[in-house]
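This report refers to the structure that appears directly beneath it.
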Amino acid sequence: RSREDLVDGILSALRWLGLDWDEGPVRQSERLDLYRAAAQRLLDEGRAYWCDCTRELIDARTKDNPKPGYDGYCSDRGLEAGEASVVRFRTPDDGETVVHDVIRGEVHFAHDTLEDFVILRSDGTSVFLLANAVDDLEMGITHVVRGEDLLSSTPRALLLRRALGADDDPVFAHLPMIVNEKRQKLSKRRDDVALEEYRERGYLAPAVRNYLALLGWAPADGREILTVEELVDEFELEHVTKASAFFDIKKLDHINAEYIRAMPVATFVREATPWLELDAAWPSEAYDPALFEAIAPEVQQRVRTLAEVPKWVDFLFLDAPAIDEAAWEKVIGLPASSVILDDTIAEYETCAWQRDVLHERTAAVGERHGLKLNKAQLPIRVAVTGRTVGPPLFESLELLGRERSLERLRGARKRLS
RNA sequence: GCCCCCAUCGUCUAGUGGCCUAGGACGCCGCCCUUUCAAGGCGGUAACGGGGAUUCGAACUCCCCUGGGGGCACCA
């Protein structure tokens, strides 16, 4: 990578996932001389040649050629270096190159399908493939693990490194691609490929790492929640799947929820706090960490991402609850709502403000009106929290306090009549 | 157009000739539990793309077809 911010992006994503590395990064931009020397060597040995053909000339000549690509026109012209000239690698005319891949087995490429490809541009800079071959060779790379999209360029890399004096091939493993719902390779333009964005969307690094590891691979016993140590221990390239895998956010949600539930409460509170302090729907002075801490265990069990946390607790920090209209419709649909609210208000005005008592009194209210608690609690929940779903009601009421709760109940009652 | 890869439930996968009336997980649908929702429990829906061949026997081996994807630049 040539741009420093792109390098940083890769490194910080790796760090976020808890993946480390032993050396580097090595920058190809700092090794240009090495590549140029390699090209010169190939030139000297007749394994490469100068070519001054323009794209137009090549196209015109090869228009109805049976073989694809460059036609080798300059192959024997004995050209010298020139302004607009490139260096092309002389590929063998017959035979084949076999790529031995741990995941895919032997992949054969007939040499007559390989054109004499460019290795040095007219400005003297090296093409990626040459740089790659030189680096792998010079750095003693033993294993090349990459996406399947690079499989077709492998024979060219192999030919180059052999021409450069290599007497053995590295071990290759071409991993299946991760694809979108249309089964296309993920792209920056249309897909969410920036790993760290998942952090901003409330996903935990260990969960993302865990999920990613399960794409194209599975442990022998079918477990799905695995620590890094287990991953490191059990992962085998040999057992990686060949078919591309769809990135299923639903499954990530599930795994993320598992990780959230498994955290100590204190950790959950710490992790969730940024979502409550930054960009919240309430003024920052309205946020009360102690209140959140008290309700946190209930929220932790119910949330799939950290980003969902605010909407579960907003009623505690908002002046008035954000009434969800769909929820309100349900309350109106319950004919007993107004009497329930009246009765509840009366009970709540005098009873001890404690979850068990609230529970018992509310149940009694429901009973008086022939409603089970699961029905009777609905108007109260919507009046107080604005939603039909949320943390357990009586814990929520206790934390909200008598005055604020009553105020909301009265407000809802007024709106009903 | 040429080259290459791939093909089991909607999705991620297990499966390497008989253990498969194909297993698990996510999702979805019921039921139970239950102060909502989750979680949990129980149950259900749902797949070997098609055709040949080999074999006593194919999800598993081979061939063809079909379908999907990737790669083919003086990008990396």
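Numbers restart at 1 for each chain; the letters A, B, ... are given by sequence-line order, proteins then strands.
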Checking [Y] against [X]: is there a side-chain donor and acceptor pair closer than 3.5 Å?
{"X": "Asp343(A)", "Y": "His369(A)", "value": "yes"}
{"X": "Asp192(A)", "Y": "Tyr198(A)", "value": "no"}
{"X": "Thr385(A)", "Y": "Arg381(A)", "value": "no"}
{"X": "Thr91(A)", "Y": "Asp116(A)", "value": "yes"}

Give me the distance, rounded to whole Å, that separates [N] from [M] when you measure between the [atom1] atoms they each carry.
{"N": "G15(B)", "M": "G68(B)", "atom1": "C1'", "value": "23 Å"}
{"N": "A22(B)", "M": "A59(B)", "atom1": "C1'", "value": "8 Å"}
{"N": "G52(B)", "M": "U13(B)", "atom1": "P", "value": "30 Å"}
{"N": "U16(B)", "M": "A53(B)", "atom1": "P", "value": "26 Å"}
{"N": "G51(B)", "M": "C9(B)", "atom1": "C1'", "value": "23 Å"}
{"N": "A58(B)", "M": "C19(B)", "atom1": "C1'", "value": "15 Å"}

Separation of [X] atom [atom1] from [N] atom [atom2], in whole Å?
{"X": "Met177(A)", "N": "U11(B)", "atom1": "CE", "atom2": "C1'", "answer": "19 Å"}
{"X": "Leu215(A)", "N": "C12(B)", "atom1": "CG", "atom2": "P", "answer": "8 Å"}
{"X": "Asn256(A)", "N": "G27(B)", "atom1": "CG", "atom2": "P", "answer": "13 Å"}
{"X": "Tyr70(A)", "N": "G1(B)", "atom1": "OH", "atom2": "P", "answer": "26 Å"}
{"X": "Arg183(A)", "N": "C5(B)", "atom1": "CZ", "atom2": "P", "answer": "19 Å"}
{"X": "Tyr73(A)", "N": "C74(B)", "atom1": "OH", "atom2": "C1'", "answer": "19 Å"}
{"X": "Trp217(A)", "N": "A25(B)", "atom1": "CH2", "atom2": "P", "answer": "18 Å"}
{"X": "Phe246(A)", "N": "C12(B)", "atom1": "CZ", "atom2": "C1'", "answer": "10 Å"}

Complementary nucleotide for [N] - Watson-Crick or wobble, under 3.5 Å:
{"N": "G17(B)", "answer": "none"}
{"N": "C72(B)", "answer": "G1(B)"}
{"N": "A39(B)", "answer": "none"}
{"N": "A53(B)", "answer": "U61(B)"}
{"N": "A7(B)", "answer": "U66(B)"}

What nucleotide, of [options], holds the atom closest to the side chain of [X]?
{"X": "Lys242(A)", "options": "C6(B), A76(B), C12(B)", "result": "C6(B)"}
{"X": "Leu150(A)", "options": "A38(B), A76(B), G27(B)", "result": "A76(B)"}
{"X": "Thr241(A)", "options": "U36(B), G70(B), U13(B)", "result": "U13(B)"}
{"X": "Arg156(A)", "options": "G71(B), U35(B), C74(B)", "result": "G71(B)"}
{"X": "Asp149(A)", "options": "U36(B), A39(B), G71(B)", "result": "G71(B)"}
{"X": "Lys250(A)", "options": "G27(B), C12(B), A39(B)", "result": "G27(B)"}
{"X": "Arg302(A)", "options": "C5(B), U35(B), C37(B)", "result": "C37(B)"}
{"X": "Ala218(A)", "options": "A14(B), C26(B), U36(B)", "result": "A14(B)"}
{"X": "Ser152(A)", "options": "A14(B), G70(B), U36(B)", "result": "G70(B)"}
{"X": "Val107(A)", "options": "U11(B), C5(B), C74(B)", "result": "C5(B)"}

Margin query: Under 4.0 Å, counting only non-hydrogen atoms across every strand here, what does Arg381(A) touch: a base, just sugar-phosphate, or nothing?
Written below: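 Arg381(A): base contact, heavy atoms under 4.0 Å.
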Next item on the list: Name the nucleic acid region contacted by His254(A), choosing base, sugar-phosphate or nothing; use a 4.0 angstrom heavy-atom cut-off, strictly under.
Entry: sugar-phosphate
Margin query: So for Ser122(A) and C74(B), does any side-chain atom that can act as donor or acceptor lie under 3.5 Å from a complementary atom in the base?
Written below: yes
Show me the donor-acceptor pairs within less than 3.5 Å that the side chains of residues 235-247 of chain A make with the rest of the protein, sequence neighbours left out.
{"from": "Thr241(A)", "atom 1": "OG1", "to": "Gly216(A)", "atom 2": "O", "distance (Å)": "3.1"}

Checklist line | Phosphate OP1/OP2 of U36(B) contacted by Arg387(A) side-chain N/O (<4.0 Å) | finding: no
Notebook entry, point to check: OP1 or OP2 of G71(B) less than 4.0 angstrom from a side-chain nitrogen or oxygen of Lys185(A), does that happen here?
Noted result: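 Answer yes for this pair, as a side-chain N or O of Lys185(A) is under 4.0 Å from OP1 or OP2.
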Next item on the list: Quick one: pull up CD in Glu234(A) and CG in Asp221(A) and give me the separation to the nearest 0.5 Å.
Entry: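 If I round to the nearest 0.5 Å, the distance is 6.5 Å.
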Next item on the list: Measure the shortest side-chain to side-chain distance between Asp248(A) and Tyr211(A) over non-hydrogen atoms and say whether it is less than 4.5 angstrom.
Entry: yes
Check: Angle class for the Phe394(A)/His359(A) ring planes (parallel below 30°, perpendicular above 60°, tilted otherwise)?
Finding: parallel
